[in-house]
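What follows is a short report on a single structure.
All chains are named by letter (A, B, ...) in the order of the sequence lines, taking the proteins before the strands, and each is independently numbered beginning at 1.
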Amino acid sequence: MAAGYFTADSASAKPPFCIVIPPPNVTGSLHMGHALEHSLMDALTRRRRMMGDDVLWLPGMDHAGIATQNVVERELAGEGKSRHDLGREAFVERVWRWKAESGGMILNQMRRLGDGVDWSRERFTMDERLSRAVQTIFKRLYEDGLIYRAERIINWCPRCHTALSDIEVEHSDDEGELISIRYGDGDSSVVVATTRAETMLGDTAVAVHPDDERYRHLIGTEVVLPLTGRVVPVVADEHVDPSFGTGAVKVTPAHDPNDFEIGQRHQLPALIIMDERGLITAHGPFQGLDRFEARPAVVAALREQGRIVAEKRPYLHAVGHCSRCDTVVEPRLSMQWFVKVAPLAKAAGDAVRDGRTTIHPAELAKRYFDWVDNMHDWCISRQLWWGHRIPVWYGPNDKVVCVGPDEEPPQGEDWRQDPDVLDTWFSSALWPFSTLGWPERTADLDRFYPNSVLVTGYDILFFWVVRMMMFGLYAMDGVQPFDHVYLHGLIRDASGKKMSKSRNNVIDPLSWLDRYGADATRFTLARGANPGGDMALAEDWAAGSRNFCNKLWNASRFALMNGASTELPVPDRAALTDADRWILDRTDALVSEVDDLFGRYQFGKACEALYHFTWNEFCDWYLELAKVQIAAGEERAGYTRAVLGHVLDVLLRLLHPVIPFVTEVLWTALTGRESVVVADWPKATGVGPDVVAANRIDGLQRLVTELRRFRSDQLLKPGQRVPAQMSGMDGAGLAGLESAVTALARLEPATESFTSGASLEVALPDGTVTVEVDLSGTVDVEAERKRLSKDLAAAQKELAQTEAKLGNPQFADRAPADVVAKIKARRELAASEIARIEARIRALAGT
RNA sequence: GGGCGCAUAGCUCAGCGGAAGAGCACUCGGUUUACACCCGAGCGGUCGCAGGUUCGAGUCCUGCUGCGCCCACCA
């Protein structure tokens, strides 16, 4: 394959088509999800290229903040060092070195998969130009008041030592203990319930609902906390649910988001009792204990004082975990940077609502709306070293200066840059335009924004898609980042379980590439893809696809061996046989169907149609019929070669997006042209099907199948030729097809010494064909009788059903005419079938 | 706790108002010169349960049961 087919041309006059790759982590290697996603993107881009578009499929990678930092820190730990031993600058240097040496394995794996991406435009989120995009949009958002710094309760990972956004927290139902503690004494005491007893060290109030009669008398009073002896007020707050627990809540503003808000409303102090590692800092006996050691210690101390009123164990409740390291997340009061999402999310919702961006499948748009309508502000600062450093400098009085890329950072000893970096998703959100050169107005940006389609899994609809929508619309003055969003499903194992290392059910796509090849792997994945639907993958599927590619290979080889060619003109239809006309019409219908299905992202159905046509129509019937035609003289053979060449040419082009390698080899061999990559996508001729030919081939198929069934029932050897005489072919509309039937049913023309051993009648829609065969007394009467009685029962059932339906006066009144006609035809066929079978049974009885 | 989805052949799924389908698996038979990674013939389903709408319901409505998934600051 010559180079350059996959390089986009920003000066091209062709219509642009652009997909940016969802950037895999630089730490990642190819898993089945990638293989699926890439197969689909490649299919889309290859088809559009064949349709005449100037296609850009842009590859790249994500710097993957926490993930990458973790990998390198682990490496350092192996050397007995921490990142602090190196210092920030040296550590970042080390990460870059790691990337150069071990990062980006996935890029080579993409090459093995055969991705037709434009390598000349490969990007990395930490590229200098993409970093400029990050700084530019940060500055713009800040100046528009959409980025702010505030002290808030955020999700904190005590192991990674960084803030996390909501989506980096995964909830699971964990076992805990709900304990009820008595605060205060006597009439003024109150019982609160908690799962995190240690936080009571930071309590600064008790809250009750204002309308709760039980506690009305306590509102405004004070209560003495056990252990610390601190005195805190009892406040009334609407947020408290009187029906939960005791109806009274301990309030820890520094360590619980709800409590923080209650604290704000009542001007309560926020007492921080834990450090960034999760160790207790409050003075006293618990100081220095880890939060999970402090919890039982606090409970024990309370019990000793007789403060524990009740314990409920186990108590299942949702607990947040760090999505990177699974450590239990700690709500923590700290100063962080936030994006004010409400206005951005509103625009993101509107773009989908008014159809500028279409989500496939449409049902998932509902989830998208749910999400954008309920988004919290986005915490974007991370206490890491690997990532885009926040472009903010603090002056002598901590006066904030925001510096965009156009300005030099302020010099002087009194200025220091914010030490934090941005959430990885911040730069990912810019991907659809930062990769094209934004903020500069490059030719690529003009041409390929908005991107045509985004292909990604529905699991990151919220993580990534929403954010790209928000930032794309914001940065590009209201123009959406993509016209279409195609969401594929998740890959599961054969029993429908999620693939995961811990379950040990992961199928490595690389092993499939080795054993079945890229074509089979890709066809398997494309074949299983329906919009939004998950896919259960099993080894058998890959083997089936491999078999299919092999079938295609053999069929093509056979056609070529027999002189199939695209050089020969396909003759006028008048010169063609019914089989030729039929296969040409079927090919035409296939073109329409497959084109339509691809256009609607119905990859699975498109592959199914291609598979069925190739195997069950082209190979099973047309190739067999073509053998007869090629043996029928030079003229017929020439015409047949032309038809074979044409059908195969179209078929290979249709298959190319999902089976790129094999089709390339076969198509160039067939046509002698340079590459199927730049061949034209087939167009349907629009000529309606030849109904007569279609009916004849359908009749032929029924007749041949019936004869084969007869042979099978009679236990005839498949290779054994049986002398036979046919009559009624014209009446059944099968004029001129005797030789085809003879060949396909392995009959042979009767000789002069022909003696009929058995008579077989086959009812077809237009008449009945009778076949007299000479079995020289080998007919298995019992087998035939058995078969006849089975057929008779089926026909009688059919007759009864159709008559019942037709006998219903309401049916005749209300059903459409074509339905009635169809049912009548079925009734006639069933009736004639019954007559035929009964006659045959009588004949058998006579022998 | 809120939302969404799925229950059709042994398995994975398609069909979404007018004769129950495909692939794989299974059974039987095969040296048929493109292909045993193959060929031919078969077996296999009261379409989760209960109601309802309709001349007609896997297909539309309601309820139930069983599974998924997403979201979630009831301590």
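OP1 or OP2 of C38(B) lies within a sub-4.0 Å distance of a side-chain N or O belonging to Asn547(A). The side chain of Trp615(A) contributes an N or O atom lying less than 4.0 Å from OP1 or OP2 of C39(B). Listed pair Lys605(A) / C13(B) fails the phosphate criterion, with no side-chain N or O lying under 4.0 Å from OP1 or OP2. Taking 4.0 angstrom as the limit, Lys627(A) places none of its side-chain polar atoms (N or O) nearer than this to OP1 or OP2 of C35(B). Under 4.0 angstrom from either OP1 or OP2 of G42(B) there lies at least one side-chain N or O belonging to Arg709(A). Taking 4.0 angstrom as the limit, Lys551(A) places a side-chain polar atom (N or O) nearer than this to OP1 or OP2 of C39(B).
In this structure, the side chain of Asp519(A) engages the main chain of Phe661(A) through a donor-acceptor pair within 3.5 Å.
Put simply, the residue from Trp541(A), Phe548(A), Phe618(A) that forms a ring pair (Phe, Tyr, Trp, His ring centres under 6.0 Å) with Tyr611(A) is Phe548(A).
By the rule that a glycosidic angle within 90° of 0 means syn, G18(B) does not qualify and counts as anti.
Within the model, atoms CG of Asp174(A) and NE2 of His317(A) stand 6.5 Å from one another, a figure rounded to the nearest 0.5 Å.
Among the protein residues, Asn808(A) comes within range of the sugar-phosphate backbone only, with heavy atoms under 4.0 Å from sugar or phosphate atoms but none that close to a base. Across all strands shown, Glu363(A) has no heavy atoms under 4.0 Å from either base or sugar-phosphate atoms. Within the nucleic acid shown, Trp371(A) comes within 4.0 Å of sugar-phosphate atoms alone, with no base atom in reach, counting heavy atoms only. Phe260(A) comes within 4.0 angstrom of no nucleic acid atom, judged by non-hydrogen atoms across all strands. Residue Arg557(A) is in sugar-phosphate contact alone, with no base atom involved, counting any heavy-atom pair closer than 4.0 Å across all strands shown. Using a 4.0 Å heavy-atom criterion, one finds that Glu624(A) contacts the bases of the nucleic acid, with or without backbone contacts as well.
Under the Watson-Crick or G-U wobble criterion, with both distances below 3.5 Å, U65(B) is paired with A7(B).
Between His360(A) and Tyr601(A), the ring-plane angle classifies as tilted under the 30° and 60° cut-offs.
Applying the 3.5 Å distance criterion, the base of C70(B) shares no donor-acceptor pair with the side chain of Arg367(A).
Applying the salt bridge (charged side-chain N to carboxylate O under 4.0 Å, His left out) definition to pairs two or more places apart or across chains, none involves residues 546-559 of chain A.
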